Undergrad: 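I have a structure here, written as structure tokens, and I will follow up with some questions on it.
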Amino acid sequence: SFIVALFVEMYGFPLTIYFLVSWLGDKYPVANAFSHENGHLLGVFFGIRSDHGTALHFLSNVLIIGGAIVIAKGWGEIHKAKGGLVTSGVYGVVRHPQYIGFIAVIVGFLIQWPTLVTLIMAPILIIRYVLLARREEADVSRQFPKEYAAYRSRVGAWLPRLRT
């Protein structure tokens with residue numbers, strides 16, 4: 001839903017532009033208030049553009065592509081495990097790599113094209129992923145009590161643990 005909302009905002013009639021024009025009126029003096037680039041909040045309010053070739057655009061692409069790779073790797077490992085506990089590969093680094101991947105994609109798109117809808121949706125989605133991770137950890141703890149306890153002691157949930 002985040003991706004759909006983002007692309008509707010980018011390429012449909014942008015709700016962000018509609019609200020900016022109605023809320024700011026004369027304080028939003030642009031030649032064409034309803035043009036594509038005038039829906040980019042970083043550009044509108046701070047003069048920061050993330051056009052192709054800028055450092056922000058590069059960073060957003062790294063987050064989006066990197067997040068997608070992590071999601072795919074995690075999904076592959078889960079699929080191969082056929083219901084077993086996965087503790088290697090990207091799951092050997094952090095316990096929630098796929099959610100980290102989804103969050104990276106969300107943040108990447110948020111940097112690349114922040115809109116009112118995505119600014120509202122991003123924190124909600126991130127909080128939902130954190131809550132889902134907690135619920136899944138409780139389920140996996142019941143399913144694999146000893147193995148998951150040992151795994152949890154070795155591997156951080158969201159950040160890799162420094163090994164001594």
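Because the structure is predicted, anything quoted here is derived from the model rather than measured.
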Undergrad: Give, for atom CZ of F102 and atom CG of L132, the distance between the pair rounded to the nearest 0.5 Å.
TA: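 Separation between the atoms: 10.0 Å.
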
Undergrad: Between R135 (side chain only) and V130 (backbone N and O only), is there a donor and an acceptor less than 3.5 Å apart?
TA: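 No; zero donor-acceptor contacts below 3.5 Å.
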
Undergrad: What is the minimum heavy-atom distance between A157 and V94, and which atoms define it?
TA: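 Shortest heavy-atom contact: O-CB, 3.8 Å.
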
Undergrad: Rounded to the nearest 0.5 Å, what separates atom CD1 in I71 from atom CD1 in I100?
TA: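 If I round to the nearest 0.5 Å, the distance is 11.0 Å.
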
Undergrad: Any link between Y129 and V70 through a network of hydrophobic side chains (Ile, Leu, Val, Met, Phe, Trp, Tyr) touching at under 4.5 Å?
TA: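 No, Y129 and V70 fall in different hydrophobic clusters.
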
Undergrad: Under a 4.5 Å cut-off applied to non-hydrogen side-chain atoms, are Q98 and I78 in contact?
TA: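 Result yes, sub-4.5 Å side-chain heavy-atom pair found.
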
Undergrad: So do the side chains of Q112 and L56 get within less than 4.5 Å of each other, counting heavy atoms only?
TA: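 No. Closest side-chain heavy atoms not under 4.5 Å.
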
Undergrad: With heavy-atom distances below 4.5 Å as the criterion, would you say the side chains of L85 and V140 are in contact?
TA: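 They are in side-chain contact.
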
Undergrad: Measuring only between side-chain heavy atoms, which start at C-beta, is V155 closer than 4.5 Å to T87?
TA: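 With C-beta onward as the side chain, the pair stays apart.
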
Undergrad: Between E77 (side chain only) and V90 (backbone N and O only), is there a donor and an acceptor less than 3.5 Å apart?
TA: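 Confirmed, E77 side chain pairs with V90 backbone.
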
Undergrad: Distance from T54 atom OG1 to I111 atom CD1, nearest 0.5 Å?
TA: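 Taking OG1 in T54 and CD1 in I111, the distance rounds to 10.5 Å.
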
Undergrad: With rounding to the nearest 0.5 Å, note down the distance linking CD1 in I103 to CH2 in W158.
TA: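 Atom-to-atom, I103:CD1 and W158:CH2 are 4.5 Å apart.
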
Undergrad: Could you pull out all residues at least two apart from Y91 that satisfy ring-ring contact (aromatic ring centres under 6.0 Å, His included)?
TA: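 Residues passing ring-ring contact (aromatic ring centres under 6.0 Å, His included) with Y91: none at all.
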
Undergrad: Quick one: list whatever passes ring-ring contact (aromatic ring centres under 6.0 Å, His included) with W75, sequence neighbours left out.
TA: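 Expected list: none.
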
Undergrad: Sorted by first residue and then second, give each salt bridge (charged side-chain N to carboxylate O under 4.0 Å, His left out) pair with at least one member in residues 94-110; sequence neighbours left out.
TA: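 Only R95-E137 qualify under salt bridge (charged side-chain N to carboxylate O under 4.0 Å, His left out).
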
Undergrad: Evaluate the ring planes of H96 and Y99, with Trp represented by its six-membered ring, and classify them as parallel (under 30°), tilted (30 to 60°) or perpendicular (over 60°).
TA: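 Aromatic pair H96/Y99 classed parallel.
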
